[in-house]
A.B. asks: 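The structure is given below, and queries will be raised subsequently.
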Amino acid sequence: MHVPDSERTMLARIAAHDSWANTADRSARTAAGRKAHLDKFEKLVDPNGELSPTERAIRAAHARTAHFTRLALKAAQARRLAREARAAAPRLEREAAEAEAELAEDDQSGGAR
């Protein structure tokens, strides 16, 4: 039986909420994922395991900060572009209406100007 995507999404949300509602220790449930995410930065800065643990931790912290700052920059840029698009929308709609009116006038006059 085919389940529409919208229903599949709702079923997945229900399952996720039920699962979290029955999770006693949220932190323990997500610990492995958090550790893997943090380990990724250590592998990035020391792929061959040559640095001391202290130096590796310092560099990994900088790599994490750079990563999250990069994400924040992309989010700020996306918000700015969306804001600019919203601000430009009335002007673009006005220009489109003027162009449509011009085309309608050309159609009525037989295309001659």
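Here, residue 1 is the first one in the sequence, and each next residue gets the next number. Because the structure is a prediction, the values reported are computed rather than measured.
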A.B. asks: Test R8 against H2 for side-chain contact (heavy atoms from CB on, under 4.5 Å), laying out the working first.
C.D. replies: CA-CA 10 Å; R8 186 185 333 253; H2 175 71; 4.2 Å; yes
A.B. asks: So how far is it from K43 NZ to N48 CG, rounded to the nearest 0.5 Å?
C.D. replies: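 Result: 9.5 Å between the selected atoms.
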A.B. asks: Nearest 0.5 Å, what's the CD-CD distance between E93 and E95?
C.D. replies: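 Between E93 CD and E95 CD, I get 11.0 Å after rounding to 0.5 Å.
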A.B. asks: What distance do L103 atom CG and E100 atom CD have between them, rounded to the nearest 0.5 Å?
C.D. replies: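 Reported to 0.5 Å precision, the distance equals 7.5 Å.
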A.B. asks: Could you walk me through whether D46 and E42 pass the side-chain contact (heavy atoms from CB on, under 4.5 Å) check?
C.D. replies: CA-CA 6 Å; D46 189 18; E42 290 197 3; over 6 Å; no
A.B. asks: Find the distance between OG (S6) and CE (M10) and round it off to the nearest 0.5 Å.
C.D. replies: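 Reported value, rounded in 0.5 Å steps: 5.0 Å.
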A.B. asks: How long is the straight-line distance from CG of L92 back to CZ of R94, given to the nearest 0.5 Å?
C.D. replies: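 Spacing of CZ (R94) from CG (L92) equals 9.0 Å.
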A.B. asks: Can you tell me how far apart CG (L44) and CZ (R64) are? Round to the nearest 0.5 Å.
C.D. replies: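 If we round to the nearest 0.5 Å, L44:CG and R64:CZ are 11.0 Å apart.
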A.B. asks: Do the side chain of T23 and the main chain of R26 share a donor and acceptor less than 3.5 angstrom apart?
C.D. replies: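 Not at all, since once roles are kept as given, no pair shorter than 3.5 Å links the two residues.
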A.B. asks: Quick one: closest heavy-atom pair of A60 and V45, and the distance?
C.D. replies: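 For A60 and V45, the tightest heavy-atom pair comes out as N-CG2, 3.9 Å.
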A.B. asks: Is the shortest distance from a Lys or Arg side-chain nitrogen in K35 or D39 to a carboxylate oxygen in the other one below 4.0 Å?
C.D. replies: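 Answer for the salt bridge query: yes.
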A.B. asks: Is it the case that over 12 heavy atoms from other parts of the model lie below 6.0 angstrom from the NZ atom of K40?
C.D. replies: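 Yes, NZ of K40 has more than 12 neighbouring heavy atoms, counting only those of other groups under 6.0 Å.
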A.B. asks: Quick one: do R59 and L51 satisfy side-chain contact (heavy atoms from CB on, under 4.5 Å)? Show the steps, please.
C.D. replies: CA-CA 10 Å; R59 291 186 188 190; L51 298 173; 3.6 Å; yes
A.B. asks: Test S19 against R29 for side chain to side chain donor-acceptor pair (under 3.5 Å), laying out the working first.
C.D. replies: CA-CA 11 Å; S19 177; R29 179 172 168 181; 2.9 Å; yes
A.B. asks: Which atom pair, heavy atoms only, marks the closest approach of A87 to P90?
C.D. replies: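 Smallest interatomic distance, heavy atoms only, reads O-CD, 3.4 Å.
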A.B. asks: Report yes or no: does R34 contribute a side-chain atom to a donor-acceptor pair with the main-chain N or O of S27 at less than 3.5 Å?
C.D. replies: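 Between the backbone of S27 and the side chain of R34 there is a qualifying donor-acceptor contact (under 3.5 Å).
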